[in-house]
Amino acid sequence: MHGSTNETDCLIIGGGIMGLTLASLIKEFNSSIKVDLYEKLQGVGLESSEALNNAGTGHAGYCELNYTPMGKDGKIKIKKALEINSKYEITLQYWSYLSNKYKSFDPKNFIHRTPHISLVFGDDNIRFLKKRYLLLKKHHLFKSIIFSQNRKEISKWANLTMIGRGSHQKVAATIVKEGADIDFGAATNALLKTLKHKKDFEIHLNDEIVKIKESKNNLWEVSVRNNISREMKKTFAKFIFIGAGGQAIRLLQKTGIHEQKGYGGFPVSGQWLVCSNQNIVSQHNAKVYGMAPSGSPPMSVPHFDLRIIKGKKTLLFGPYAGFTFKFLKTGSYLDLIKSLKLKNFFPMIYVLLHNWKLFHYLIRESFQSKHDRINLLKTFYPEAKEKDWSIKIAGQRVQIIKPNSLISGKLEFGTEVIISKNKKLAALLGASPGASVAVDSMIKVIEQCFSEKLSNSEFKKKIKEMIPSYGQNLITNKKLLKRIRLSSHKTLGLKD
Ligand SMILES: Cc1cc2nc3c(=O)[nH]c(=O)nc-3n(C[C@H](O)[C@H](O)[C@H](O)COP(=O)(O)OP(=O)(O)OC[C@H]3O[C@@H](n4cnc5c(N)ncnc54)[C@H](O)[C@@H]3O)c2cc1C
């Protein structure tokens with residue numbers, strides 16, 4: 001199947017949740033496909049997938065108000081929440097399959113049942129939340145959602161958000177009790193454990209991909225630099241997946257494929273407030289999402305979250321978005337400048353000019369003091385004290401700048417998989433809803449790029465074993481959803 005030792009069937013760039021998910025899926029489908037994964041750092045799951053670099057929310061649309069926007073007609077649109085919820089269920093099914101198959105893939109190490117709450121203040125926001133609740137409640141994906149304007153009840157759900165709050169302030173909340181907190185870094189490492197002893201799988205740590213070019217014999221020629229010895233080597237691959245997080249856009253540009261022309265990246269940094277007082281931490285048991293401040297990007301919706309990292313409870317507030325030039329936390333301040341090319345120059349300038357307010361917001365936010373950050377925290381937790389909180393740098397998000405024409409572009413807040421015409425290269429761009437829907441994103445890569453290798457009937461049989469809802473629609477199939485959830489939520493400990 002493979003000509004020489006430095007030739008592989010599938011070369012994956014990046015040891016984050018995406019890269020490891022793709023490697024795991026491929027080896028589960030067909031163990032004879034040779035997979036080589038390259039990671040520039042000393043371990044996997046250390047960039048955006050690392051626990052404190054992201055918010056660890058199992059994005060299911062339960063509490064994220066930006067997934068149910070209000071249209072210009074005043075109607076709330078729930079389509080995005082339904083789609084994200086059903087994609088998240090695909091991740092849970094796959095994890096459930098792996099948990100049943102491998103002892104080392106222990107869900108207790110990375111996923112914990114944590115209620116998802118939306119909390120709002122003031123008449124307009126309460127009206128919005130109630131309307132949203134009534135729409136979602138009718139759908140089987142959200143049937144367990146509860147709404148309340150009763151302070152005593154909300155106190156039971158999230159006591160810290162209510163103590164010290166003035167009685168004049170009107171509040172409302174919804175809760176979905178079977179939400180989850182996920183340590184995506186631990187999940188990434190758990191995926192690696194299932195792969196480590198598999199034949200024809202190799203992981204190359206501290207190895208950074210610096211160049212990719214098409215060579216003869218339909219292969220990719222890839223230059224790799226070892227970040228410890230600084231030695232360079234060449235390797236060849238039939239297929240490449242670029243799962244390099246924020247750096248994916250720069251690597252994609254190196255390939256020269258037509259499909260990447262005009263694309264650019266808009267980096268957004270993040271900060272958290274992390275609570276160091278265990279007495280406070282022990283009093284909070286939920287993820288509480290609010291409304292994004294007006295003019296702010298969707299990824300800066302503030303939330304007040306219980307996190308469970310390596311078995312220890314942590315309390316996090318944020319993220320505070322800001323402007324940065326870096327594409328990775330471990331990246332370079334030259335990343336943005338170096339990503340400017342002739343083909344994306346005008347689309348990037350166009351996006352900058354048309355999103356001036358957002359750009360201004362991010363720069364202003366970058367200069368906020370800790371005191372300002374505590375003031376925002378107080379809208380969630382009125383009794384917060386500065387001494388109990390410290391600032392921690394979160395991961396980077398690189399939003400997609402998509403070309404509309406040679407001179408204009410659009411800023412996208414989702415994710416996109418770019419696939420070359422010959423299906424020999426795929427790359428994942430963007431960051432949201434990200435890790436929670438990694439399995440769905442990577443199955444799409446496999447469907448498009450490995451169709452020859454995974455002969456249809458074999459593929460369908462195996463994928464049904466791994467993801468029982470595959471090929472069916474959980475948004476429309478109520479019975480199927482019930483059956484799937486009963487099983488996967490039980491395996492993963494998300495049921496009562
Ligand atoms: C502040 C913040 C909050 C978030 N909150 C959530 C959330 O609550 N829920 C959720 O589902 N998602 C969330 N996300 C998104 C989520 O973190 C990402 O979608 C996900 O981690 C991306 O995984 P990845 O594997 O693509 O990237 P990463 O985890 O960043 O992995 C990419 C890897 O590629 C490596 N790499 C880069 N360049 C090279 C190279 N040239 N050669 C070799 N290796 C290379 C990097 O070192 C890195 O390890 C959040 C993100 C941020 C920043």
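Counting starts at 1 for both ligands and their atoms, following the listed order.
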Checking Lys87 now: which residues fulfil side chain to side chain contact (heavy atoms under 4.5 Å, CB included) with it, not counting sequence neighbours? Val437, Asp440, Lys444
Which N or O atoms of ligand 1 sit under 3.5 Å from a protein N or O, and how far apart is each pair?
from, atom 1, to, atom 2, distance (Å)
ligand 1, 5 (N), Ala55, N, 3.0
ligand 1, 8 (O), Gly56, N, 3.3
ligand 1, 8 (O), Thr57, N, 2.9
ligand 1, 8 (O), His59, NE2, 3.4
ligand 1, 9 (N), Thr57, O, 2.9
ligand 1, 9 (N), His59, NE2, 3.2
ligand 1, 11 (O), Pro433, O, 3.0
ligand 1, 11 (O), Ala435, N, 3.4
ligand 1, 11 (O), Ser436, N, 2.8
ligand 1, 11 (O), Ser436, OG, 2.6
ligand 1, 17 (O), Ser48, O, 3.2
ligand 1, 19 (O), Ala431, O, 3.3
ligand 1, 19 (O), Ala435, N, 3.3
ligand 1, 21 (O), Ser49, N, 3.3
ligand 1, 21 (O), Ser49, OG, 2.9
ligand 1, 23 (O), Ser49, OG, 3.3
ligand 1, 25 (O), Ile17, N, 3.2
ligand 1, 25 (O), Met18, N, 3.1
ligand 1, 29 (O), Ser49, N, 2.9
ligand 1, 29 (O), Ser49, OG, 2.5
ligand 1, 30 (O), Ser48, N, 3.1
ligand 1, 41 (N), Ile209, O, 3.0
ligand 1, 42 (N), Ile209, N, 3.0
ligand 1, 44 (N), Lys40, N, 3.1
ligand 1, 47 (O), Glu39, OE2, 2.7
ligand 1, 49 (O), Glu39, OE1, 2.6
ligand 1, 49 (O), Glu39, OE2, 3.2

Answer yes or no: is there an ion pair linking Asp207 with Lys233, defined by an N-O contact shorter than 4.0 Å? yes
Can you classify the ring geometry of Tyr381 versus Phe304 as parallel (below 30°), tilted (30 to 60°) or perpendicular (above 60°)? parallel
Can you list the residues that meet the side-chain hydrogen bond (donor to acceptor under 3.5 Å, both in side chains) rule with Asn375, with sequence neighbours excluded? none
My understanding is that only residues two or more places apart in sequence, or in another chain, count here; which of them pass ring-ring contact (aromatic ring centres under 6.0 Å, His included) with Phe450? Phe239
Looking at Lys326 and Asp335, does any basic side-chain N land under 4.0 Å from a carboxylate oxygen? no
